[in-house]
Amino acid sequence: MSRVALGLGASLRATLRRELQLAISSPGKIVNPLMFFVIASSLFPLSGRLDIDVLGSIAPGIIWVTALLAVMLSMESLFRSDYDDGSLEQLLLSPQPLYFHVLIKVLGHWLVTGLPLVVVAPLLGLLLNLPAQGYVPLLIGLVLGTPTLSLIAAIGTALTVALARSGVLLAVLVLPLSIPVLVFGAGVVDTALNGLPVAGVIALLAALLVLALSFAPLAIVAALRINVQ
Amino acid sequence: MSRVALGLGASLRATLRRELQLAISSPGKIVNPLMFFVIASSLFPLSGRLDIDVLGSIAPGIIWVTALLAVMLSMESLFRSDYDDGSLEQLLLSPQPLYFHVLIKVLGHWLVTGLPLVVVAPLLGLLLNLPAQGYVPLLIGLVLGTPTLSLIAAIGTALTVALARSGVLLAVLVLPLSIPVLVFGAGVVDTALNGLPVAGVIALLAALLVLALSFAPLAIVAALRINVQ
Amino acid sequence: MLSVANLACERDERVLFANLAFTVAAGSLWQVQGANGSGKTTLLRILAGLNGDYSGELQWQGKVCSEVRTEYQQALFFLGHAPSVNRTLTPLQNLRWFCALQGFADDAAIHSALNEHGLRGYADIPCYQMSAGQQRRVSLARLSLTSAKLWILDEPFTALDRVGVAELEARVSRHAAAGGAVILTTHHPLQTQHPLTVLNLDALRPEAA
Amino acid sequence: MLSVANLACERDERVLFANLAFTVAAGSLWQVQGANGSGKTTLLRILAGLNGDYSGELQWQGKVCSEVRTEYQQALFFLGHAPSVNRTLTPLQNLRWFCALQGFADDAAIHSALNEHGLRGYADIPCYQMSAGQQRRVSLARLSLTSAKLWILDEPFTALDRVGVAELEARVSRHAAAGGAVILTTHHPLQTQHPLTVLNLDALRPEAA
Amino acid sequence: MWQWFYKLGSPRYFYEMTTGFVPWLARATFLLLAIGLVWGLGFAPPDYQMGDNYRIIYIHVPTASGAIWIYAMMAVMAAMHMIWNIKVADMVAKSCALIGASFCAVALVTGAFWGKPTWGTYWIWDAKLTATLILFFVYVGVMALRSAFDSETAASKAASVLTLVGVVNLPIIYYAAYWWNTLHQRSSELGVRDASANPPEIWIPAVFSGFGLIGLIFVIIILHTRNEILLRERRAQWVQELVKQETGNA
Ligand code: HEM
Ligand SMILES: Nc1ncnc2c1ncn2[C@@H]1O[C@H](COP(=O)(O)OP(=O)(O)OP(=O)(O)O)[C@@H](O)[C@H]1O
Ligand SMILES: Nc1ncnc2c1ncn2[C@@H]1O[C@H](COP(=O)(O)OP(=O)(O)OP(=O)(O)O)[C@@H](O)[C@H]1O
Ligand SMILES: [Mg+2]
Ligand SMILES: [Mg+2]
């Protein structure tokens with residue numbers, strides 16, 4: 001037989017590959033969160049008379065809030081189809097270490113939804129008149145913050161996976177938990193715009209990421225087990 | 001037999017009753033959009049150090065944008081479970097006039113999700129430091145605007161009902177089309193805050209509502225037929 | 001009642017059926033047979049007017065179906081793979097809505113339909129608390145409520161236990177005997193008193209011919 | 001292999017079964033029978049470790065199941081009502097992931113499993129383009145790939161055509177004959193050479209006793 | 001006329017008719033564009049106010065107005081598809097979405113690069129700019145919806161419905177953008193002057209590039225539609241024979 005035994009690494013790669021295959025099977029999976037990010041951000045200037053400088057000063061907030069919403073909305077589908085078709089049962093019943101499989105699944109999802117957000121963020125900076133010295137802190141913040149947001153959103157998704165159509169419920173669970181990331185993330189830019197050193201805030205963001213990487217998978221696995229009763 | 005023949009009105013009432021039963025079966029259906037509305041609005045003050053007057057001036061925009069998002073997210077479930085379990089086939093195959101049934105379904109959904117938003121909006125006004133003369137225009141705008149938003153969102157929902165988990169796609173379709181409502185809706189408040197007469201803008205919002213009431217059900221029915229292939 | 005002329009359907013690369021012509025007369029009981037993927041579901045959805053991807057002509061009582069849509073829909077009861085049962089609502093609420101869509105209200109009839117289908121005492125229990133077979137029974141209770149002449153049922157026996165299967169077999173026979181017409185698919189051998197017309201899609205397929 | 005002692009489960013107000021005790025030995029083929037709603041699915045999910053809402057004891061090879069979870073999961077193959085087939089992916093992609101979760105990779109085996117299950121030529125077609133029965137076949141192709149000893153299958157015959165049913169019957173018999181064990185539910189009369197142990201939940205139920 | 005129109009609705013006829021026609025159209029387009037752009041970008045005198053920057057106009061203006069007209073065309077095609085079920089109409093609509101969105105993007109990008117030297121910023125929330133941005137979003141929505149469906153028929157019908165909904169909405173969106181802007185912001189600072197006030201050396205190349213771009217629109221749409229026809233009709237006998245010929249020749 002041509003059977004090749006796989007170590008943990010290879011088996012995680014298979015999970016990652018599956019996640020990416022699902023993403024490229026419909027280009028919308030990558031493009032839509034981006035478009036949401038751009039469209040939702042431009043709703044704010046449209047909805048009121050804003051002085052261009054005021055707009056610039058609230059730009060970090062707008063970008064971070066819409067990034068949070070985009071991550072959360074796109075995360076909604078993470079476990080849903082697996083739950084509906086029963087694949088989640090197969091995952092939970094497999095003899096593999098779930099912690100890593102779940103982690104890799106979230107990170108795979110972040111690669112196709114979170115990372116592109118980071119890439120187009122500067123464009124939004126242009127649209128929203130973000131001052132020049134805000135771009136680098138914005139990007140650093142997003143790179144460190146969006147994976148944390150993805151992990152938090154994944155907990156919410158896992159908790160609500162058995163519930164029919166839970167977009168709003170998900171938001172209600174996830175948004176409060178994400179507030180620290182939002183505060184520090186937007187805080188990095190604000191601090192930089194005020195000419196203060198940003199290293200401290202960035203360290204806080206990094207700490208949140210480490211925390212999420214270590215504990216979120218545990219919560220996710222527990223939540224999935226509860227739902228697959 | 002105790003069979004009672006029903007006219008169109010009674011049969012529409014049955015559809016409305018079903019929609020309301022679905023809503024009260026899980027209180028989350030009513031409470032969650034509200035919570036989202038409140039939480040998402042308060043993300044902005046959290047995400048930056050804003051001057052209190054600046055906050056007051058962007059308050060109408062924030063409230064309207066989050067109302068739009070809340071309506072859209074809660075609308076996601078409108079046809080979804082009916083599609084999944086096949087009830088939508090039964091609706092489409094029934095000899096009833098679909099235009100009215102779809103309209104009543106959307107309005108029933110608005111009663112349990114849109115109307116409560118209008119009720120809590122003043123609370124958000126307080127949180128966001130909305131000037132006193134802005135409250136009445138905000139409410140009038142929301143009463144006229146949220147049903148239009150619901151109808152537009154319902155078109156999006158109907159178009160994407162066959163697609164797995166389409167939160168972000170829905171947003172990409174619905175948000176651009178909702179921009180006029182947003183502009184005029186927030187415009188009512190702005191106009192009032194500037195001390196200008198608001199009747200004209202309100203008339204525009206009402207006109208949009210009439211337009212949506214007449215055409216949206218057609219688009220929704222067409223979209224549902226396409227998806228139930 | 002329903003007559004089909006020159007019906008053809010292809011999906012992607014494959015012709016599922018072509019030159020299909022038959023007439024479903026009042027009082028007849030049709031079983032569409034075929035291997036997995038032979039196109040039974042597709043055919044039934046075309047007949048019900050849910051799938052427009054075909055060429056050929058469908059006539060209801062001598063008139064083209066799409067032209068007498070409302071009339072045809074009044075005479076038609078269709079049940080697909082999915083049970084059309086809302087899981088949050090109770091059987092009673094589910095069936096009330098079904099009746100309203102057919103233009104009448106009759107709680108007594110709903111209760112007796114549920115009893116007939118072995119769901120006595122379940123009228124007010126949310127459907128998500130029921131087993132697969134019980135949900136299917138809620139779905140089938142519609143057969144006792146509809147006044148449609150033509151029933152189109154896609155694998156209605158799925159998830160039913162033996163008693164349920166026998167009851168449903170008897171029910172479709174009775175409907176046909178009473179002058180109605182039934183078109184159904186199933187993979188298990190039907191046991192009915194009523195004469196059965198079998199339409200075998202495997203035998204019809206061009207490559208098989 | 002698997003032994004059950006004093007198992008009881010109630011849902012809401014109703015006792016589904018109580019004092020259930022049996023041992024599934026290597027080489028045996030079990031069919032769980034019962035009317036709709038009698039608790040077959042519930043029992044199977046308890047045995048598979050997916051449902052923790054019970055009292056009683058499950059032992060795998062003499063050790064309590066929950067204590068030797070990984071080992072038990074290595075020896076177990078479970079297939080529920082849902083086919084566990086992702087509709088956007090192709091059968092090949094679906095099965096590759098399944099194999100990876102079992103800890104191996106073997107495309108040749110996947111292809112031959114698909115061929116065995118009547119899906120020759122479908123390896124690279126997205127599953128949403130398949131009929132209900134074809135999707136069920138993708139799901140069942142796992143039986144040829146897993147090396148699990150104990151198979152727990154909840155209504156695996158759903159949607160299969162006659163040939164598919166016969167093949168699956170032969171497959172479970174072979175597995176049992178080769179020293180494996182199979183527990184399954186189905187409402188249709190099983191035709192197997194292998195001796196069949198029937199567990200009838202209706203007869204066990206307190207109110208029926 | 002109707003006969004011809006009807007025949008054009010058949011993919012095969014459309015394909016065969018355009019086979020002879022498209023190379024000539026392509027050549028004419030190339031010529032027009034070459035004259036317009038080389039003249040406009042290379043030889044027309046610099047503007048006395050904006051210097052050489054204004055040369056972006058030769059791309060910006062035609063793409064911006066093109067994006068609007070292409071939407072109109074797409075809507076007509078969508079209506080034809082919905083009402084008469086003409087498949088070619090849908091294929092043309094699909095091409096329209098693609099190049100309409102591209103034109104929109106080009107107009108946005110050129111406008112932004114033009115904005116930097118003229119206004120000192122890449123973007124302001126001016127009515128015209130905003131409306132163009134939203135038009136871009138609507139295009140993207142149509143394309144996203146189409147690509148989200150697995151089934152070709154459902155995708156094309158759904159995209160048609162959305163396109164038609166957009167037809168109702170676009171004028172409203174434009175109106176809203178202007179209403180919102182004139183109320184809240186200084187009026188447009190676009191340095192638009194009457195074309196006739198410009199010397200002919202400036203506007204003649206503009207006319208060339210304008211017609212060139214119209215030609216380009218049609219060339220792209222036709223080529224794209226021909227591709228689509230081959231793809232969707234790949235099993236039809238005439239396509240297979242065509243393929244056999246082509247591969248035989250090669
Ligand atoms: C991203 C920024 C920009 C966008 C989205 C944009 C968009 C548009 C649109 C939609 C048109 C209308 C075409 C028509 O009505 O048929 C247009 C025309 C025009 N634009 Fe822009 N534009 C932008 C920046 C600029 C800048 C910076 C200038 C020069 C200062 C400029 C100069 C013109 C001129 C001269 C016309 C043609 C005259 C007219 O139709 O009004 N545009 N642009
Ligand atoms: N989520 C639930 N909550 C409460 N009760 C439930 C739930 N799911 C099922 N039940 C009840 O448990 C009982 C057993 O259900 P189960 O699904 O195990 O039956 P089953 O034997 O598999 O039936 P079927 O042949 O219809 O598949 C049923 O009577 C049902 O009403
Ligand atoms: N969405 C789709 N797109 C393309 N092809 C499809 C689609 N759905 C089904 N098919 C193909 O159409 C054929 C017929 O499918 P259909 O569901 O009608 O089969 P069936 O006879 O009902 O089979 P089963 O017994 O498995 O239910 C199958 O070969 C399948 O591959
Ligand atoms: Mg079928
Ligand atoms: Mg069961």
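Since the structure is predicted, the reported quantities are computational estimates derived from the model, not experimental observations. Lettering of chains follows the sequences in order, A, B, ..., and the numbering in each one begins at 1.
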- Item | Option that, when pairs with chain B are counted at under 4.5 Å, heavy atom only, ranks first among Val31(A), Thr113(A), Leu175(A) | Leu175(A)
- Message: Can you give me the closest heavy-atom contact between Phe36(A) and Thr66(A), atom names plus distance?
- Response: CE2-O, 4.0 Å
- Query: Tell me, side chain or backbone of Leu193(B) under 4.5 Å from chain A's heavy atoms, or both, or neither?
  - Reply: side chain
- Quick one: what part of Ser57(B) sits under 4.5 Å from any heavy atom of chain A, side chain, backbone, both or neither? neither
- Query: Does any heavy atom of chain A fall under 4.5 Å from the side chain of Val172(B), the backbone, both, or neither of them?
  - Reply: both
- Item | Shortest non-hydrogen separation from Val174(B) to Gly156(B) and the atoms involved | CG2-CA, 3.9 Å
- Smallest heavy-atom separation, Leu117(B) atom then Ala67(B) atom, equals CD1-O, 4.0 Å
- Test side chain to side chain contact (heavy atoms under 4.5 Å, CB included) applied to Leu73(A) and Leu169(B), Leu170(B), Val168(B), the passing residue: Val168(B)
- Message: For the interface with chain A, which of Leu68(B), Leu69(B), Val65(B), Ile62(B) has the highest count of heavy-atom pairs at distances below 4.5 Å?
- Response: Val65(B)
- Task: For Ser150(A) and Met75(A), work out which heavy atoms get closest and say how close.
- Result: CB-CE, 3.2 Å
- Interface moiety of Leu46(B) toward chain A, non-hydrogen atoms closer than 4.5 Å: both
